[in-house]
Amino acid sequence: GRGAALAGALVALSAALGVLGGRLDTFPGDGWLAARARALGDPFAPVAAFFNEGSWLIAAALLLLAAGAALRRGRRDLLLFVVLAAAARPLLTVLREWVGRPRPSADFAARAMADGPSFPSGHTMTAVIAFGVWFVLAQALLPAPWARVVRGACVVAVALAGLARVWAGVHWPSDVYGGLVWGAAALAVARGLTRAR
């Protein structure tokens, strides 16, 4: 169906971006977009700190809450979706090592700690998976008005998480784009395997 086609397209796009990310240190427009993000300056620092420093704790809390909510509703399909989505993140880290793109720290003074390859952004992948789980589950677990609010908040949170990495000078915008696509592919595959609705 459409879900399988979307998952297949996202996996293929992830692979293509991984190849490009491994061959190119930057994509067209990366420098210009990075300069715009860094121009946000100190007023953006509290938002960046929240996502740069709290990323793993936020993700763990969101995934545990999602698993608990699925269990409480007796929705094993949703619980399996959460587990598969969470398990995809370490796998994506292994795949990321093969890409091996260097970080932009030589081009910008980094405002946050970073290690490992640059492409795709691990923080962005983590945000996509953690907030993406709630984007998917909101419709099944919450009343319609609240589901819309939660879904909107998830989209904003993922955008801010990616922006925070570019603002900090530890990723190019294309690293963030790669993280969005790789994370979305993981969610689509997990959703397709569990038929979570």
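For this chain, numbers begin at 1 and follow the sequence in order. This is a predicted model, so every value here is computed, not measured.
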Handout entry: Sequence neighbours excluded, every pair satisfying ring-ring contact (aromatic ring centres under 6.0 Å, His included) that has a member inside residues 53-76
Key = W56-H123
Show me the donor-acceptor pairs within less than 3.5 Å that the side chains of residues 41-52 make with the rest of the protein, sequence neighbours left out.
residue	atom	partner	partner atom	Å
N52	OD1	R165	NH1	2.9
N52	ND2	A48	O	3.2
N52	ND2	A164	O	3.3

Is there a path from [X] to [Y] through hydrophobic residues (I, L, V, M, F, W, Y) whose side chains come within less than 4.5 Å of each other?
X: L63; Y: V83; value: no
X: L78; Y: L62; value: yes
X: L137; Y: L187; value: yes
X: V128; Y: W134; value: yes
X: L71; Y: L65; value: no

Drop me the distance from [X]'s [atom1] to [Y]'s [atom2], to the nearest 0.5 angstrom.
X: I58; Y: E53; atom1: CD1; atom2: CD; answer: 10.0 Å
X: I129; Y: L84; atom1: CD1; atom2: CG; answer: 11.0 Å
X: L141; Y: R75; atom1: CG; atom2: CZ; answer: 7.0 Å

Handout entry: Residues clustering with V155 (ILVMFWY side chains joined when closer than 4.5 Å, directly or via others)
Key =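 F135, all in the cluster of V155.
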Handout entry: Connected-component partners of V19 among ILVMFWY, side-chain separation under 4.5 Å
Key = none
Problem - Side chain to side chain, F27 and L17, heavy atoms closer than 4.5 Å - result: yes
Problem - S118 and P102, any side-chain heavy atoms less than 4.5 Å apart - result: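 Not in contact.
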Residues 86-99 side chain polar contacts: donor-acceptor under 3.5 Å, at least two apart:
residue	atom	partner	partner atom	Å
R89	NE	T126	OG1	2.7
R89	NH1	T93	OG1	2.4
R89	NH2	G122	O	3.1
T93	OG1	R89	O	3.2
R96	NE	P117	O	3.3
R96	NE	P120	O	3.0
R96	NH2	P117	O	2.4

Could you pull out the closest heavy-atom pair between [X] and [Y], with the gap in Å?
X: G179; Y: T124; value: C-CG2, 4.0 Å
X: S14; Y: W182; value: O-NE1, 3.1 Å
X: A85; Y: A190; value: N-CB, 3.9 Å
X: L33; Y: P173; value: CB-CG, 3.5 Å
X: V133; Y: A66; value: CG1-CB, 3.6 Å
X: L79; Y: A67; value: CD1-CB, 3.7 Å

Handout entry: Basic-acidic side-chain contact under 4.0 Å: R101, D175
Key = yes
Handout entry: Distance-only polar pair, side chains of T194 and R76, donor-acceptor under 3.5 Å
Key = no
Exercise for the section: Would you list the pairs meeting salt bridge (Lys or Arg N to Asp or Glu O under 4.0 Å) in which at least one residue belongs to residues 138-163, sequence neighbours left out? Expected result: none
Problem - Exam field: side chain W172 to backbone D30, donor-acceptor pair closer than 3.5 Å - result: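 Between the backbone of D30 and the side chain of W172 there is no qualifying donor-acceptor contact (under 3.5 Å).
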